[in-house]
Amino acid sequence: MDYVTGLRCRECARPYPAEALHVCDYCFGPLEVAYDYEALRSSVTREQIAAGPQTIWRYAPLLPVTDPEPIDLGTGWTPLVRADRLAAELGLGELWIKNDTANPTGSFKDRVVSVALTKARQLGFKVAACASTGNLANSVAAHAARAGMVSVVFIPSDLEVAKVVTTAVYGGHVVAVEGTYDDVNRLCAELTSELPSWAFVNVNVRTYYAEGSKTLAFEVAEQLGWQAPDHVIVPVGSGSQLTKVAKGFAELHAVGLLDDEPHVRVSGAQAQGCSPVATAFAEGTDAIRPVKPHTIAKSLAIGNPADGWYALETVRKSGGSFAAVTDDEILDGIRLLARTEGIFAETAGGVTIATLAKLAAQGVVRRDERVVAYVTGHGLKTVEALVDSAGPTATIAPTLDAFHEAVAIDATVEGGRP
Ligand SMILES: *Cc1c(COP(=O)(O)O)cnc(C)c1O
Ligand SMILES: [Zn+2]
């Protein structure tokens, strides 16, 4: 059963068919997928979802493509972990980590790619392409391999080694562009008009791609026993993920899966070296000034974010906030999460945790709130960020004496740290 009624312009509400369209011909606004919420309300139940696969596809009726065999590596239904030790350090109450490092290619991008490429295949595309800050390329290459599609991914040439290796291994084409993500994205926009038979997941099929991020909200609500949290912290690159997390909670209520109308405060996390949206929030303006990124959080290094304005509006309307954190704070955030909860995040996860810490210290994230922080990528992807600060405690000769001389472990101290 297909509940999609078509596409609709987010600005002027003009309707379009559910094809590979992403901008309104009339006002150039972005297009969004429209669903028949009434039909969904009378047919989708919690029990049905619970009986579905332990992947994002358990929410298939709320996704923009109907396919009994989606292109799937086992994405989603990632752990929602209660984080009491981290909460205690930050002076918070009920804190949860949505651990999206557990996805097949180690980032939340598997959610958007699984949806985008399943729809692209249905629309007849044979080539899977994207403009990427790293994780998207990784995920597109993997899903294309699984589906037997040709992949051509475009990345900035200064990416982390792990992100290049884990993309190239799938055997597709990896094009490293001498420039920033924004240069890569502009090139891909030009290529989209030249090569209409290629599915650029975040350009001409972006409308479908974006919908995959709603599952970040669906899963959290279901994992909390069909309740919405009070406050979520979401990292912001293009801003798509943040807007769709908010849309996800609203949709659950619209189709009757959440009893009470959710009031989720949504706060955005950015790196100071690339914080165009956080800056606009702080200055109280609507104008998002593009920047040239300079940060270790390369997966968020988008200087001219496509959905920046929508992310800003979503945060403001929800009563949330923004913070921008320095590279040192990002590294502290990675280490704090690792040593308190045993979860190793990439630099984007460090941005989320450092933002959470900052907003908690400011009293914006409150102790009486049920808080969820989205940790969206695995630490092994950005290991070089930590090589100077995370090495052996000691390097010793293989003797008892050498050990006792070099290392004093006090097991009465929590974590056994000296
Ligand atoms: C892409 C990415 C984001 C940001 O998502 P947007 O939709 O571009 O805002 C966050 N975290 C990780 C790990 C990413 O790869
Ligand atoms: Zn329009």
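Not measured: the values here are computed from a predicted model. Atoms within a ligand are numbered from 1 in the order they appear, just like the ligands themselves. Hydrogens, waters and symmetry mates are skipped; everything else that's a heavy atom, side chains included, is used.
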Against heavy atoms of Glu346, which atoms of ligand 1 measure under 4.0 Å?
13 (C)
Report the C-alpha separation of Lys109 and Asn103 in whole Å, then their side-chain angles, then the decisive distance to 0.1 Å, and conclude whether the side chain to side chain donor-acceptor pair (under 3.5 Å) test is met.
CA-CA 9 Å; Lys109 289 295 195 308; Asn103 275 317; over 6 Å; no
Is it true that Arg121 and Asp67 make a salt bridge, defined as a side-chain N closer than 4.0 Å to a carboxylate O?
yes
Taking only heavy atoms of Gly239, which atoms of ligand 1 are found under 4.0 Å from at least one of them?
6 (P), 9 (O)
Any idea which part of Ala348 is under 4.0 Å from ligand 1, heavy-atom wise: side chain, backbone, both or neither?
side chain
Closest protein heavy atom to atom 2 (C) of ligand 1, given as residue, atom name and distance to 0.1 Å:
Lys109 NZ, 2.4 Å
Show the atoms of ligand 1 that are less than 4.0 angstrom away from any heavy atom in Thr376.
10 (C), 11 (N), 12 (C), 13 (C)
Distance filter under 4.0 Å to Leu300 heavy atoms, resulting ligand 1 atoms
3 (C), 4 (C), 10 (C), 11 (N)
Show the atoms of ligand 1 that are less than 4.0 angstrom away from any heavy atom in Ser240.
7 (O), 9 (O)
Where the Zn ion (ligand 2) is the centre, what is the SG-to-SG angle for Cys24 and Cys9, rounded to 10°?
110°
Ring centre gap for Tyr3 and Tyr35 strictly below 6.0 Å:
no
Residues Glu32, Lys244: salt bridge by 4.0 Å N-O rule:
yes
Do any nitrogen or oxygen atoms of Gln241 lie less than 3.5 angstrom from nitrogen or oxygen atoms of ligand 1?
yes
